[in-house]
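Data block below; observations after.
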Amino acid sequence: MNSIDLGTDLGGLVLDSPLIAASGVWPMSPALWPQDTLPGLGAVCSKGLTLEPRAGNRGIRLWETPCGLLNSIGLQNKGLSHFIREELSLLLEPGLPLVVNLAPESPTEIDRMFGLLEPRSPDLAAVELNLSCPNVDKGGMAWGRTAQGVASATERARRAWPGRLWIKLTPQAEDLGETARAAQDKGADAVVAANTWLGLALDLENRRPVFDRTVAGLSGPAIFPLALRLVWEAAGAVNIPVLASGGVCSWEDAAAMILAGASAVELGTGLMADLSLPGKIAQGLKEYMNRQGFGSLKEMRGAARPSKGA
Amino acid sequence: MNSIDLGTDLGGLVLDSPLIAASGVWPMSPALWPQDTLPGLGAVCSKGLTLEPRAGNRGIRLWETPCGLLNSIGLQNKGLSHFIREELSLLLEPGLPLVVNLAPESPTEIDRMFGLLEPRSPDLAAVELNLSCPNVDKGGMAWGRTAQGVASATERARRAWPGRLWIKLTPQAEDLGETARAAQDKGADAVVAANTWLGLALDLENRRPVFDRTVAGLSGPAIFPLALRLVWEAAGAVNIPVLASGGVCSWEDAAAMILAGASAVELGTGLMADLSLPGKIAQGLKEYMNRQGFGSLKEMRGAARPSKGA
Amino acid sequence: MPRANPLESRARLVKNQTLGAEISCLTLEAPWIAGSARPGQFIMVGCAPSQAGAPEPLLMRPLAVAGVEGGLVSLLMAVKGRGTRFLAAQEPGAELTLRGPLGNGFSEPKGPGLLLVAGGLGAAPLLSVHRRFRKRKDLKIDFILGVPGKGFESLVDLLAQEIPDLQVFSDDGCMGAQGNACTALPAAPDEVWACGPVPMYRALLDRLDPGVPVLVSLEARMGCGYGGCLGCVVPTKQGNLRACCEGPVFDGREILWHEFH
Amino acid sequence: MPRANPLESRARLVKNQTLGAEISCLTLEAPWIAGSARPGQFIMVGCAPSQAGAPEPLLMRPLAVAGVEGGLVSLLMAVKGRGTRFLAAQEPGAELTLRGPLGNGFSEPKGPGLLLVAGGLGAAPLLSVHRRFRKRKDLKIDFILGVPGKGFESLVDLLAQEIPDLQVFSDDGCMGAQGNACTALPAAPDEVWACGPVPMYRALLDRLDPGVPVLVSLEARMGCGYGGCLGCVVPTKQGNLRACCEGPVFDGREILWHEFH
Ligand SMILES: Cc1cc2nc3c(=O)[nH]c(=O)nc-3n(C[C@H](O)[C@H](O)[C@H](O)COP(=O)(O)OP(=O)(O)OC[C@H]3O[C@@H](n4cnc5c(N)ncnc54)[C@H](O)[C@@H]3O)c2cc1C
Ligand SMILES: Cc1cc2nc3c(=O)[nH]c(=O)nc-3n(C[C@H](O)[C@H](O)[C@H](O)COP(=O)(O)OP(=O)(O)OC[C@H]3O[C@@H](n4cnc5c(N)ncnc54)[C@H](O)[C@@H]3O)c2cc1C
Ligand SMILES: Cc1cc2nc3c(=O)[nH]c(=O)nc-3n(C[C@H](O)[C@H](O)[C@H](O)COP(=O)(O)O)c2cc1C
Ligand SMILES: Cc1cc2nc3c(=O)[nH]c(=O)nc-3n(C[C@H](O)[C@H](O)[C@H](O)COP(=O)(O)O)c2cc1C
Ligand code: FES
Ligand code: FES
């Protein structure tokens, strides 16, 4: 049974495992990578990078909710140039495929950021273009809410970038299927469904929002049924691979994402709660596939969809 | 401290308590009402009613998720005429203010349903017009997704109904603030933010969706931070009262909803998990108000909003 | 006019007896339930740890009343998922939230004969029937229990101790006779009350004379247990009826089995 | 190149000692932590019951290593919210998930004098400092502990037993002298290591000569504990730094206190 292959083909990019450390939860230096997490992981995503360095948001950045986590990090990072100069080569050393998450703040920043990264394109598994960060004023989710916004950002990125281009969508989209289709139409290689859900927390004693920016992004098991629905919608709307992101914290969750049509599954908050999650999911998936007679992830993918299933 | 008054004024409708049993979780016959729940409750909502009797959806109707509940009941009810004839007077007997939840399937059904109910208008605290049920093919959420849909349904209802009119909004709205404003502009007396969130569950062993209608509505503590954000948005968008609905299962949750601007708080899934919830919330609210020096709910309402707070 | 008594309260776990690896017998101090529960009624049991915070798992679990004695209520429970696993791990002294008694329960037996047919843990409500009516002189009760096999020894022992003429069948023949609860049905029982899996009900209804009254206790996913959420409905000739109010005990011939999931 | 050892593992609770109503001393069998933890490092402790299902509460809780002995790690914990309430209720034999050791910890004391200033449970990491270095002949360690008052008797006793010249202050004077940890600071200590609430740090920095090196151990909400989420950052003159990696021990004069929530 351990002979079952968890390899997944993301439009030509083949990963040993469909499990990817999501953007924003994984250290930017391999010296800090918990080795507990590596078995089972097929790739890692960088923190969301901006053109200029960003200090991130002030005040409280994390707030626990029932089975969930609100965050307002605000894309703290040292800027893309610093990343390329100081961090990228280090991140490649361990040999795990690397996805770079980019969060431009304007159309011209799209050009400049992909331009800066272009020489390194052969080294990267993909760029994940983040049109969905809820915790910044410029860029981020503002693009992702409408099909038009996604189309224009994707088109611009596509022109500037010869490598693989994934578009990370937002649950706050008016219609997720539409935004997924817009990404596909403009040449994206895959879509990621999705980023965090806009939530709020209040500080009762001080009678004010917990977060400086008032709203924050909800992740974790609480959102799993919602994220699964988005993956279902996205996989129904496009032919390019769909990556799942949202609340996965067990092999059952990962299996459901794949049955709904996902080609890969990103793990975010689930890793914070359990470092050995990738290994556990990989094991659980293999056992499940064995029981169900799935010979490969490809066979399993979308098997719960009416078109494909029984 | 028990002298603190939890009375709330919903645009002229005064309730002894801001806590309301939400639509769809409360028996339609007072003989079945658990008395544990009555202390603390200010009003009760009927199940969603349609013009014709509905058998509701087939197959599994409930599915537990992390801190949440997916439901696909599908508005099972005996029809509005049966309700008026057989159930309404009984429901009024205990003396608790009664809100009738109506779920018309078409514009003409709006006219007919409010027409049927009109003679009883003096008996009812309000009608809650459900533009947000995710579990039916016609009506429901389809209206609620756009401001235009909400505007036309509200306008039609307003013409047909002399009593209080609340519009129950959907989280699946493109922009909740817009739909709330549309309801206000067309004469609604209050908006309810909001109904359930569209989710999905898969049956791994049988490789198919758990629910016959594939998607279902997510409720319960998992969605609380999301619902709180919607209430915040709605209260920022309109001047009419906002009722909160989504995930409330403690006095802290209810307090946050009120601080965000809610005039009343509906309890749905929380009641299923704890019958004495209204009493506990009422007690917790009084103690909190006392500690914070709030003399009335009116003072407390919206106190965490920048316009009103410190 | 609302229900007269509180439905829900905390109750102390008095005993937690393991009957094999996957079955537990829980005894709880719940006088308000013990005093009024009828055989066939059930309770909902909270399975969320009591540390303040969000209830997880969210829903209470329905379990049949298997017996009452003084102020004590006993339950026979298969360990299935996380709710029942939590309950099985509780130690005496723990406090649990109980809601009930709920549902219609069985009516009075008409007699003179009553055949009880249990599949696995379906024994629970029928045990309470037996305990309630075994002393009635005008009633002859037969009790057939079908179990899968290994793992059910202690459950069978527990029942056999109380019910001398218990007829046991097991799929693999390791206890009692080989077969299932429907293998050796009497020709024409006066009345049959059954609790077990759906295939057992179908076999039962197939094999019994259409004139024999058959009551079945059905399992449905439950939200509230008190008739509010309509999550537990069962398709019947009278429409979708709530297992928690109009059931869990139904006339077996009224159920639309082909629609029952 | 990744971290050499596993960070996370299950550990058995060996002892759970109550120190008054709201403080517990937990002893855990965690050789992989005991073997490598430096004073001032911390661990994350899982607080979700282990029944399968969604973890609730979701996040692990950061707690300082208060001592190590053989393969055992001890923690001194105030019971605050649902996570620490869960931990305080665990009985010996229970298994908990631990992640660590995490953070930078304190460096080697430069000597010849080291003043430790603890506010309340801030005693935990400083106790491990004292335990580690108390035998160093070339080092004179002073330990000042400030507590609010009632409820902290047992904590004070525990420390006083190990630290003969412990100086205790309490707000109400019910233990030691009246005052707080900063009431009677020596004129010019060689070096100060402190752990306590923010107002204590501010008072400390105010009162000490600007030339005295002051290290502080800061509390920040944590998500991952291993440097991934950037949820725990602290505003410093060098920018926002992670309390779980670059901290929790910082140069007190580098912190932008007015921005620290
Ligand atoms: C009226 C009634 C009486 C019952 N009496 C008994 C009894 O006496 N002894 C006994 O062992 N079992 C009984 N059951 C079945 C028992 O309720 C389930 O085995 C239990 O709910 C499973 O919960 P879990 O958390 O272990 O499983 P999970 O799979 O984690 O449960 C997930 C959800 O599905 C529901 N669920 C799962 N299986 C069932 C089921 N078979 N029936 C109803 N809901 C289910 C759970 O209640 C929960 O809401 C009864 C069910 C009903 C409806
Ligand atoms: C590096 C470090 C070391 C610590 N060492 C100790 C120690 O040795 N002894 C001790 O008693 N306490 C210590 N604390 C504080 C301890 O982590 C919190 O009291 C605890 O997390 C509260 O959790 P709760 O579930 O009881 O409270 P809740 O309020 O329910 O917690 C909700 C969330 O907020 C976080 N949180 C709440 N208060 C704090 C806080 N003061 N600091 C950080 N996160 C917080 C929790 O971790 C959790 O994520 C330390 C904190 C840090 C950062
Ligand atoms: C602390 C934190 C930081 C995050 N930072 C980023 C980011 O920089 N870029 C991004 O695209 N997504 C970011 N995300 C979103 C996650 O990558 C993921 O899409 C989301 O959390 C939902 O998945 P989960 O429930 O598995 O965490 C972040 C999430 C968290 C919790
Ligand atoms: C079982 C169930 C049935 C529901 N039925 C209705 C309904 O008939 N009409 C309606 O407007 N909302 C209905 N709702 C939505 C609730 O009234 C409420 O808005 C929603 O569940 C969110 O709140 P909660 O998290 O407190 O449950 C139903 C919810 C549940 C769980
Ligand atoms: S369980 Fe809610 S109506 Fe039966
Ligand atoms: S807690 Fe995640 S980076 Fe420090």
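FYI, side chains are in, hydrogens and waters are out, and symmetry mates aren't considered; it's all heavy atoms of this structure. A, B, ... follow the sequence lines: proteins, then strands. Residue 1 opens every chain.
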From the list Leu62(A), Asn57(A), Asp253(A), Thr269(A), the residue making the most non-hydrogen contacts under 4.5 Å with chain D is Leu62(A)

Contact leader toward chain D among Ser276(A), Gly59(A), Gly220(A), Gly56(A), where contacts are heavy-atom pairs under 4.5 Å
Gly59(A)

Heavy-atom cut-off 4.5 Å, strictly under: side chain, backbone, both or neither for Met222(D) against chain A?
backbone

Structural part of Glu259(D) lying under 4.5 Å from a heavy atom of chain A
side chain

Which atom names give the shortest non-hydrogen contact between Asn135(A) and Arg213(A), and what distance separates them?
O-NE, 3.1 Å

Between the side chain of Arg38(D) and the main-chain N/O of Asn104(D), is any donor-acceptor distance below 3.5 Å?
yes

Hey, what's the ring geometry for Tyr226(D) with Trp26(A), parallel, tilted or perpendicular (30° and 60° as the breaks)?
perpendicular

Heavy-atom distance under 4.5 Å between the side chains of Leu59(D) and Leu69(A), does that happen here?
yes

Could you look at Cys249(A) and say if it's the side chain, the backbone, both or neither that has a heavy atom under 4.5 Å from chain D?
side chain

salt_bridge(Glu64(A), Arg82(D)) N-O dist < 4.0 Å:
yes

Winner by heavy-atom pair count (cut-off under 4.5 Å) against chain A, out of Ser9(D), Gly231(D), Pro55(D):
Gly231(D)

